[in-house]
Novice: 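First the structure, then my questions, so here it is.
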Amino acid sequence: MKRFLSFALCVIACVYLTPVTTRADAGRVLPPQLPDDTRRERPDYIPLWEDDSRLKTSGIFTYRILHRAEKAAAIVSVNGKVENLTIPAVLDGYKIVCISIPRLEDTYVDSQMPGKIKDSLKSLTIQDGVQVIGDSAFSGCKKLTTLKLPRNLVRIGESAFGGCTSLRKVKIQDSKYITGTAIQENAFSGCVIDQFSFEGYTSIGDNPFSGSRIREVAFPKIPGIREHSMNIDRAQVEKMWADPYVQSLRFESMGWDYKRGVLQKLIVNGKKTKVQGWNRANIFGSLYTVPKAACIKWAKKYKLTYKVKSCGKMGKVTRRKKKASWKKVTTTVKTYQYKESRRKWKKNSRRTKTYYQVYGKKKKSGTYKLLKTTTKNSYKSKYKYLKVKPVTVWL
């Protein structure tokens, strides 16, 4: 098993992988790499892909054998119109380590992906074990709505999902490799995506979302992953938010004017979360954060508009039979906008609705669970023990 992984990943690495930023998380390992002199020689590297005797068909799949002894293969085409497709981790006893044929240094072998599925594919599941999604593997699949990516994905190639205009949610899962998932240039170009969630470590190439519209980009709490990078050049993002667990969010950019992107709303609820980098050519809406947040320094540096939300103190909750009530809490939003003509910051304050989270438990020794989020200052409940907290973060 160990020998198989070493060979398969080395072959894929010399074709696909580009240098990426690393991190020193405990328990994470680098994928095996060939020595530099071996990569230059590339014994059987091109013939491996040009040898048609290695092509086999199984059901709707055509695959290419990478190594017979180690039982490694790559799926290169889907021969049929299907709406729901699962890319298997094992096919005819061969472990599928990648999808589509790569672009080689000295020649270009055109892949049949996505082939006949281009106009029919609606749901795609790639099983755990597949580590590379090749260039243009599923580009142009405009009906593709559901996409499930595998764990331990090493690379998403250039234009792999380019032109997929119906994607609902894309989730990058965590990887055991220190390099995480490399998202190459234009990997999701020209897409329309409801939510893109980074739930694993990634390295970002140039303009991975070029020409795309994304309603929400999420950086949720993932144990062991506290730093993220993002490139919005040439993309339009309605909302981006980072969990308070995130320590650093960096915007990567080439900084060229013609790579202009748009970010309407950035939500940072963590006081210690630092935001770094920004392409001044990009258009920014507002930063939404909490009092004394570290990210305010970033907004001031680039003279970007920011909003700060604060809540008053919560009073005592009184209980009459099943009904609990409390005094209303005042929530204030302060907006800071830099006026270039005056070279000063202008501040506006306004009151906004206060949201309350009601928690309850049945026994004194029990654990509180969230019952409801409400704007009212009363709540009926059968739970014996209740507590109420005003929502101090941006939802």
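Nothing fancy with the numbering, it's 1 onward along the sequence. Just so it is clear, the values below take in all heavy atoms, side chains as well, and ignore hydrogens, waters and symmetry mates.
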Novice: For T62 versus T57, what's the shortest heavy-atom pair and its separation?
Specialist: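 Closest pair (atom of T62, atom of T57, distance): OG1-OG1, 3.8 Å.
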Novice: Regarding S189 and S210, is there a side-chain donor-to-acceptor distance under 3.5 Å anywhere?
Specialist: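 Short answer, no.
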Novice: Taking the six-membered ring where the residue is Trp, are the ring centres of Y356 and Y379 under 6.0 Å apart?
Specialist: no
Novice: Sorted by first residue and then second, give each side chain to side chain donor-acceptor pair (under 3.5 Å) pair with at least one member in residues 80-93; sequence neighbours left out.
Specialist: S58-D92, Y63-D92
Novice: Taking only residues two or more places apart in sequence or in another chain, which ones pass salt bridge (Lys or Arg N to Asp or Glu O under 4.0 Å) with K239?
Specialist: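 Residues passing salt bridge (Lys or Arg N to Asp or Glu O under 4.0 Å) with K239: E216.
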Novice: Please check if any side-chain donor atom of Y336 sits under 3.5 Å from a side-chain acceptor atom of K300, or the reverse.
Specialist: no
Novice: Do S197 and E199 get their side chains close enough for a donor-acceptor pair, meaning under 3.5 Å?
Specialist: yes
Novice: Looking at every non-hydrogen atom in both residues, tell me the closest pair between P244 and T273 and how far apart they are.
Specialist: O-OG1, 3.8 Å
Novice: Is the terminal nitrogen or CZ of K387 (NZ for Lys, CZ for Arg) located under 6.0 angstrom from the six-membered ring centre of Y368 and within 45° of that ring's axis?
Specialist: yes
Novice: I'd like to know if the side chain of T352 reaches the main chain of T332, judged simply by a donor and an acceptor atom lying under 3.5 Å from each other, with no hydrogens or angles considered.
Specialist: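 No; zero donor-acceptor contacts below 3.5 Å.
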Novice: Has T375 got a side-chain atom pairing as donor or acceptor with K353's backbone, closer than 3.5 angstrom?
Specialist: no
Novice: Hey, is the main chain of L149 close enough, under 3.5 Å, to the side chain of Q173 for a donor-acceptor pair?
Specialist: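 At least one qualifying donor-acceptor pair exists.
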Novice: Kindly state each residue pair satisfying ring pair (Phe, Tyr, Trp, His ring centres under 6.0 Å) with at least one member in residues 225-249, sequence neighbours excluded.
Specialist: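 Applying ring pair (Phe, Tyr, Trp, His ring centres under 6.0 Å) to every pair that reaches into residues 225-249, excluding sequence neighbours, yields F219-H228.
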Novice: Should we count CZ of R319 as having more than 12 external heavy atoms under 6.0 Å?
Specialist: yes
Novice: A quick test of your reading: do over 12 heavy atoms of other residues, nucleotides or ligands sit less than 6.0 Å from OH of Y359?
Specialist: yes
Novice: Can you name the closest pair of heavy atoms from V78 and L85 and give their distance?
Specialist: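 In this case the closest contact between V78 and L85 is CG2-CD2, 4.0 Å.
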Novice: Taking ring-ring contact (aromatic ring centres under 6.0 Å, His included) as the criterion, tell me which of W298, F284, W345 meets it with Y306.
Specialist: W345
Novice: For residues Q276 and R250, is any side-chain donor paired with an opposing acceptor at under 3.5 Å?
Specialist: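 Their side chains do contain a donor-acceptor pair, which is all the 3.5 Å distance test asks for.
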Novice: Side chains of T318 and S325: do they bring a donor and an acceptor to under 3.5 Å?
Specialist: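 Yes, because at least one side-chain N or O of T318 sits under 3.5 Å from a partner of the opposite role on S325.
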Novice: Of all heavy-atom pairs between P150 and I126, which one has the smallest distance, and what is that distance?
Specialist: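 Scanning both residues completely, I find the closest heavy atoms to be CB-O, 3.4 Å.
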Novice: Can you establish whether the number of heavy atoms outside K122 located under 6.0 Å from its atom NZ is more than 12?
Specialist: no
Novice: A quick test of your reading: do over 12 heavy atoms of other residues, nucleotides or ligands sit less than 6.0 Å from NZ of K309?
Specialist: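 More than 12 heavy atoms, drawn from other residues, nucleotides or ligands, come within 6.0 Å of this atom.
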Novice: Using distance alone, with no hydrogens and no angle criterion, decide if D233 and N282 have a side-chain donor and acceptor under 3.5 Å apart.
Specialist: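 Looking only at side-chain atoms, N282 and D233 do form a donor-acceptor pair, the distance falling under 3.5 Å.
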Novice: Taking the ring of F196 and the ring of F198, is the distance between their centroids below 6.0 Å?
Specialist: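 Yes - the distance between ring centres of F198 and F196 falls below the 6.0 Å cut-off.
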Novice: So which heavy atom on S310 is nearest to which on P291, and how close?
Specialist: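 Heavy atoms of S310 and P291 come nearest at CB-CG, 3.8 Å.
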